[in-house]
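In what follows, a structure is listed as structure tokens, so that the remarks can point back to it.
Numbering of ligands and ligand atoms starts at 1, following listing order. Numbers for residues simply follow the sequence, beginning at 1.
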Amino acid sequence: MSSAVEAPAAVLIPGKRIAARLSAQVAAEAQAFLHAHGHPPALAVVLAGDDPASGIYVRRKVAECGKAGIRSIGHRLPATVAEADLLALIDDLNRDPAIHGILVQLPLPPHIDASRVLDAIDPRKDVDGFHPVNVGRLSTGTDGLVPCTPLGCMMLLDTVIDDFRGRHAVVIGKSNIVGKPIAMLLLERECTVTVTHIATQGLREIVRGADIVVAAAGAPLLVRGDWIRPGAVVIDVGITRVVDPGSGDRTRIVGDCASAEMAHAAAVTPVPGGVGPMTIACLLANTLRAARAQTRRTAS
Ligand code: NAD
């Protein structure tokens with residue numbers, strides 16, 4: 001009787017569980033903050049327009065804030081809101097000492113210059129880490145608020161990698177909210193980082209050389225099993241809703257990676273249930289961090 005030797009399956013990094021642990025830790029610390037200061041950490045959530053996906057994201061963030069003992073204050077504005085009115089609201093929130101974090105849900109209506117709005121947020125309250133001051137701090141390796149999704153990706157990588165030094169990390173996607181900041185964080189850990197994008201030539205061969213792959217292209221199932229070197233760690237940031245073939249018009253969420261083909265990887269994140277929950281947990285953590293930093297400053 002022959003016994004086939006099966007290759008070990010890749011570890012599935014349990015993003016949902018790790019995120020729940022982080023949220024519980026934030027909740028305990030938010031409670032301690034409340035006792036120490038008489039008020040909870042507080043996040044203003046600004047939603048302009050009626051994009052249904054944005055509405056869902058905002059409701060989820062508000063619900064998670066509630067569970068963690070973070071006060072969230074919603075500001076719903078019509079799609080027709082004038083840029084000047086939105087900027088005036090940001091100015092009020094910047095000045096309000098009871099508000100520690102400001103989140104402006106993207107995308108904004110097309111007539112509004114999103115970068116002007118994001119640049120108007122006080123960097124100390126910029127819990128998304130998108131303000132140029134925080135971007136600059138990240139790229140110079142100094143302390144600042146780090147964008148939530150990349151921060152969550154690093155926490156997931158930390159659960160499976162002890163030493164990042166000298167590892168080759170390939171990032172697919174160069175957006176300001178995921179690709180570039182994750183590249184900076186990996187560089188800070190002394191990875192050798194290759195950032196790729198839509199115009200990159202020979203992407204498959206580049207990814208084949210990677211010890212760490214972070215896929216943030218929004219291109220469903222772009223990364224196939226034969227792109228992945230045995231023993232690599234794969235973080236799948238992509239979220240795309242696609243119609244399930246043969247199921248009428250039922251849809252499902254897929255990532256950028258064909259994870260079912262990656263049993264030879266060391267570890268992979270699932271989609272859904274991988275990076276997504278970490279993003280929200282990191283938003284809570286950033287809000288608590290911002291609240292502590294502002295309270296320290298005003299208390300002294
Ligand atoms: P984006 O559209 O701003 O940027 C996508 C990047 O990927 C671009 O730099 C583009 O050049 C590159 N790209 C696109 N197609 C490519 C291809 N075929 N080959 C190589 N590069 C390609 O998107 P984003 O905001 O950075 O988001 C990326 C993905 O991550 C999306 O699916 C988004 O929904 C998802 N996302 C998930 C979370 C989360 O919490 N899980 C958070 C943010 C974004």
Closest approach of any protein heavy atom to atom 6 (C) of ligand 1, naming residue and atom
Gly173 CA, 3.6 Å

Looking at Gly276, which atoms of ligand 1 are within less than 4.0 Å of one of its heavy atoms?
40 (O), 41 (N)

Contact summary for Ile182 and Cys153, nearest pair of heavy atoms
CD1-CB, 3.5 Å

Show the nearest heavy-atom pair for residues Ile99 and Lys125, with the distance to one decimal.
O-NZ, 2.8 Å

Which of the numbered atoms in ligand 1 are below 4.0 angstrom from a heavy atom of Leu203?
19 (N), 20 (C)

Which heavy atom in Gly218 sits nearest to a heavy atom in Thr240, and how many Å separate them?
O-OG1, 3.6 Å

May I ask you to list the atoms of ligand 1 that are less than 4.0 angstrom from any heavy atom of Ala216?
5 (C), 6 (C), 7 (O), 28 (C)

Smallest separation among heavy atoms of Pro132 and Asp119, with atom names
CD-OD1, 3.2 Å

If I compare all heavy atoms of Gly69 with all of Pro41, which pair ends up nearest, and what's the gap?
O-CD, 4.1 Å

Side-chain donor/acceptor of Arg76 to backbone N/O of Leu47, under 3.5 Å:
no

Proximity to ligand 1 by part of Thr279, non-hydrogen separation under 4.0 Å:
side chain

Which residue and heavy atom of the protein sit nearest atom 29 (C) of ligand 1, plus the separation:
Gly218 N, 3.6 Å

Which bit of Leu222 is near ligand 1, meaning a heavy atom under 4.0 Å away: side chain, backbone, both or neither?
side chain

For ligand 1, indicate whether the residue Ile172 contacts it via side chain, backbone, both or neither (heavy-atom separation under 4.0 Å).
side chain

For atom 17 (C) of ligand 1, what's the nearest protein heavy-atom neighbour? Residue, atom name and distance, please.
Ile198 CD1, 3.7 Å

Nearest heavy atoms of Arg137 and Asp143, plus distance in Å:
CD-O, 2.9 Å

To check your reading of the model: name the closest protein heavy atom to atom 5 (C) of ligand 1, its residue, and the distance in Å.
Ala217 O, 3.6 Å

Please indicate, with yes or no, if any protein heavy atom is found under 4.0 Å from atom 2 (O) of ligand 1?
no

Got the closest protein heavy atom to atom 37 (C) of ligand 1, with its distance?
Val237 O, 3.2 Å

For atom 42 (C) of ligand 1, closest protein heavy-atom neighbour
Thr149 OG1, 3.2 Å

Among Lys174, Arg241, Lys180, Met278, the residue with a heavy atom nearest to atom 9 (O) of ligand 1 is Lys174

Polar contact flag for Val178 and ligand 1 (N/O pairs, less than 3.5 Å):
no

At under 4.0 Å between heavy atoms, which part of Ile177 makes contact with ligand 1: side chain, backbone, both or neither?
side chain

Determine whether the side chain, the backbone, both or neither of Ile239 has a heavy atom under 4.0 Å from any heavy atom of ligand 1.
both

Any N or O of Ser175 closer than 3.5 Å to N or O of ligand 1:
yes

Give the ring-plane orientation class for His100 versus His39, where under 30° counts as parallel, over 60° as perpendicular and anything between as tilted.
parallel

Asp256 side chain to Ala217 main-chain N or O, any donor-acceptor pair under 3.5 Å?
yes

Just verifying a value: how many Å separate Gln25 CD and Leu288 CG, rounded to the nearest 0.5 Å?
9.0 Å

Does Ile239 reach the side chain of Pro272, with side-chain heavy atoms less than 4.5 Å apart?
no

